Amino acid sequence: MRSIWTLNPYRGCEFGCKYCYARYAHEFMELRDPELFERKIYAKRFDAASFRAEVRRLKRGDTIWVGTATDPYQPAERRFQNTRRILEVLARESGLDLGITTKSDLVSRDAELLSRVARRNLVRVHLTITTLDEPLARMLEPRAPRPELRLNAVRKLTQSGVAVSVLAHPVMPLINDSEQSLDAVCAAAVKNGATAFSAAPLFLKPCAQQVFFPFLAERFPHLLGRYRERFEKNAYLKGQYPEIIRERVEKIRARHNLARREAPEWPLDDQLELFRSAG
Ligand code: SF4
């Protein structure tokens with residue numbers, strides 16, 4: 001049976017998305033202020049030889065997902081280059097299935113390296129673009145690169161022969177969930193060479209609610225009551241909404257001649273411990 005391994009070179013994420021679900025990771029370190037997640041970033045120590053040895057123990061066909069909890073191309077990557085060093089090791093391996101999830105155009109720095117990895121492995125980069133509306137993106141994802149830069153990265157990667165999927169996650173009710181908004185993201189993705197598109201509804205665990213609810217109170221006060229009512233009972237939206245979004249995305253995919261492709265899923269507890277946490 002094939003296994004799926006997850007890999008997060010950084011703990012914490014400077015992009016500071018208001019809906020981020022990964023803030024729980026700082027709670028494990030007794031850092032209970034949710035804002036610290038975006039201000040106190042840990043770069044894990046990387047050792048290429050240990051990493052290579054661990055990768056060689058994987059079965060061919062196993063999947064490695066980079067960036068399932070925090071962004072592997074956040075600003076810290078410019079200095080520490082952990083993600084790049086992972087790819088340098090993987091470029092000498094074969095038969096693996098590699099997925100990378102990011103909101104950063106910095107991923108295009110590694111376009112040539114990723115295309116080398118893709119010669120002997122399956123590679124797909126998942127660029128997250130929740131909206132093309134720049135002011136809205138700035139509100140929701142304050143320090144992430146703006147949507148236009150992410151689309152430029154889609155183009156650079158696909159021109160280098162790297163397969164790119166665009167994710168419009170998370171879909172937030174009455175914020176970025178209109179068919180027009182999702183269709184615009186999909187159309188721009190396709191125009192820049194992406195071959196897959198997906199979008200799934202927001203989920204809000206208590207650690208994310210601590211940031212998202214005050215954000216709504218400030219920016220979308222008319223929505224606060226409705227979000228509280230739905231998410232305080234359950235982190236996941238129930239009822240018709242998930243089905244409405246699923247059908248909406250199917251329709252958009254069909255309009256842009258994209259094959260059906262499920263949103264990526266990964267087991268959050270199968271972390272490939274290829275690093276030791278610093279500090
Ligand atoms: S880019 Fe991802 S990990 Fe970083 S803050 Fe945004 S949602 Fe969280």
Side-chain angles (χ1 to χ4, degrees), residues 12-13 15-28 31-38 67-71 101 103 126-144 147 165-186 197-253 260-269:
C13 183
F15 289 155
C17 305
K18 299 298 179 188
Y19 48 74
C20 180
Y21 69 85
R23 293 176 196 271
Y24 70 90
H26 267 38
E27 290 178 1
F28 296 152
L31 298 172
R32 304 227 173 264
D33 175 355
E35 301 281 335
L36 283 177
F37 175 80
E38 49 198 83
T68 52
T70 59
D71 202 302
T101 308
K103 272 192 188 92
H126 303 269
L127 248 301
T128 302
I129 304 175
T130 48
T131 174
L132 296 188
D133 178 334
E134 284 198 16
L136 178 60
R138 184 59 62 223
M139 270 192 259
L140 293 165
E141 302 150 356
R143 288 179 292 283
S165 161
V166 166
L167 315 178
H169 308 332
V171 176
M172 291 158 270
L174 301 173
I175 294 179
N176 69 334
D177 66 343
S178 70
E179 184 166 338
Q180 188 187 18
S181 172
L182 293 171
D183 187 270
V185 175
C186 185
F197 172 77
S198 66
L202 173 72
F203 65 93
L204 277 183
K205 298 229 163 149
C207 64
Q209 291 175 17
Q210 284 181 48
V211 173
F212 200 73
F213 288 165
F215 162 75
L216 285 180
E218 187 186 338
R219 300 290 194 160
F220 298 91
H222 58 292
L223 297 181
L224 180 61
R226 285 205 245 182
Y227 270 73
R228 272 194 189 283
E229 192 186 313
R230 281 161 184 78
F231 287 104
E232 278 178 348
K233 284 189 221 130
N234 196 315
Y236 294 86
L237 285 169
K238 302 282 179 196
Q240 290 182 324
Y241 188 79
E243 185 58 22
I244 290 170
I245 295 302
R246 197 191 62 73
E247 284 174 7
R248 191 168 292 172
V249 170
E250 283 300 320
K251 202 165 133 194
I252 291 169
R253 277 200 198 107
R260 184 165 196 275
R261 193 180 165 85
E262 294 302 331
E265 286 180 10
W266 43 77
L268 291 173
D269 52 354

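It should be emphasised that the depicted structure is a prediction, and the values quoted were computed from it without experimental measurement.
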Is it the case that the side chain of [X] and the backbone of [Y] share a donor-acceptor pair, with hydrogens and angles ignored and the cut-off at 3.5 Å?
X    : Y    : answer
R230 : A235 : no
R253 : F197 : yes
N176 : M172 : yes
H126 : S165 : no
E38  : C13  : no

Over all heavy atoms of both residues, which pair between [X] and [Y] is shortest? Give the atoms and the distance, please.
X    : Y    : result
P221 : A217 : CB-O, 3.6 Å
P173 : D177 : CA-OD2, 3.4 Å
C17  : K103 : SG-NZ, 3.5 Å
A199 : V249 : CB-CG2, 3.7 Å
S198 : H169 : OG-CE1, 3.5 Å
A168 : L182 : CB-CD2, 3.9 Å

#### Entry: Counterpart residues, ring-ring contact (aromatic ring centres under 6.0 Å, His included), relative to Y241 (two or more places apart)
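So Y241 forms no ring-ring contact (aromatic ring centres under 6.0 Å, His included) with any residue.
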### Partner set under ring-ring contact (aromatic ring centres under 6.0 Å, His included) for Y227, not counting sequence neighbours
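So Y227 forms a ring-ring contact (aromatic ring centres under 6.0 Å, His included) with F212, F231.
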Output the distance between atom [atom1] ([X]) and atom [atom2] ([Y]), rounded to the nearest 0.5 Å.
X    : Y    : atom1 : atom2 : value
K18  : M139 : NZ    : CE    : 11.0 Å
F15  : C20  : CZ    : SG    : 11.5 Å
L224 : E218 : CG    : CD    : 12.0 Å
C186 : K251 : SG    : NZ    : 13.0 Å
D71  : R143 : CG    : CZ    : 13.0 Å
I245 : E179 : CD1   : CD    : 9.5 Å

### Query
Would one find more than 12 heavy atoms of other residues, nucleotides or ligands at under 6.0 Å from atom CZ of R228?
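Yes.
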### Task
State whether the number of non-hydrogen atoms from other residues, nucleotides or ligands found under 6.0 Å of E247 atom CD is greater than 12.
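Result for CD/E247: enclosed.
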### Task
I would like to know whether I175 and L216 meet side chain to side chain contact (heavy atoms under 4.5 Å, CB included); could you show each step before the answer?
CA-CA 10 Å; I175 294 179; L216 285 180; 4.0 Å; yes
Tabulate below the donor-acceptor pairs under 3.5 Å that side-chain atoms of residues 127-137 make, not counting sequence neighbours, or state none.
from, atom 1, to, atom 2, distance (Å)
T130, OG1, E141, OE2, 2.6
T131, OG1, D133, N, 2.9
D133, OD1, L136, N, 3.2

### Message
For a 4.5 angstrom cut-off between non-hydrogen side-chain atoms, does T101 reach T68?
### Response
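Counting from C-beta outward, T101 and T68 never come under 4.5 Å.
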### Derivation of the salt bridge (charged side-chain N to carboxylate O under 4.0 Å, His left out) call for R226 and E229
CA-CA 5 Å; R226 285 205 245 182; E229 192 186 313; over 6 Å; no
### Query
Going through the distances and angles, do V211 and Y19 end up as a side chain to side chain contact (heavy atoms under 4.5 Å, CB included)?
CA-CA 7 Å; V211 173; Y19 48 74; over 6 Å; no
### Query
Where do V166 and V185 land on the side chain to side chain contact (heavy atoms under 4.5 Å, CB included) test, with the steps shown first?
CA-CA 8 Å; V166 166; V185 175; 3.9 Å; yes
### Message
Test side chain to side chain contact (heavy atoms under 4.5 Å, CB included) on E232 and F213; report intermediate values, then the result.
### Response
CA-CA 10 Å; E232 278 178 348; F213 288 165; 3.9 Å; yes
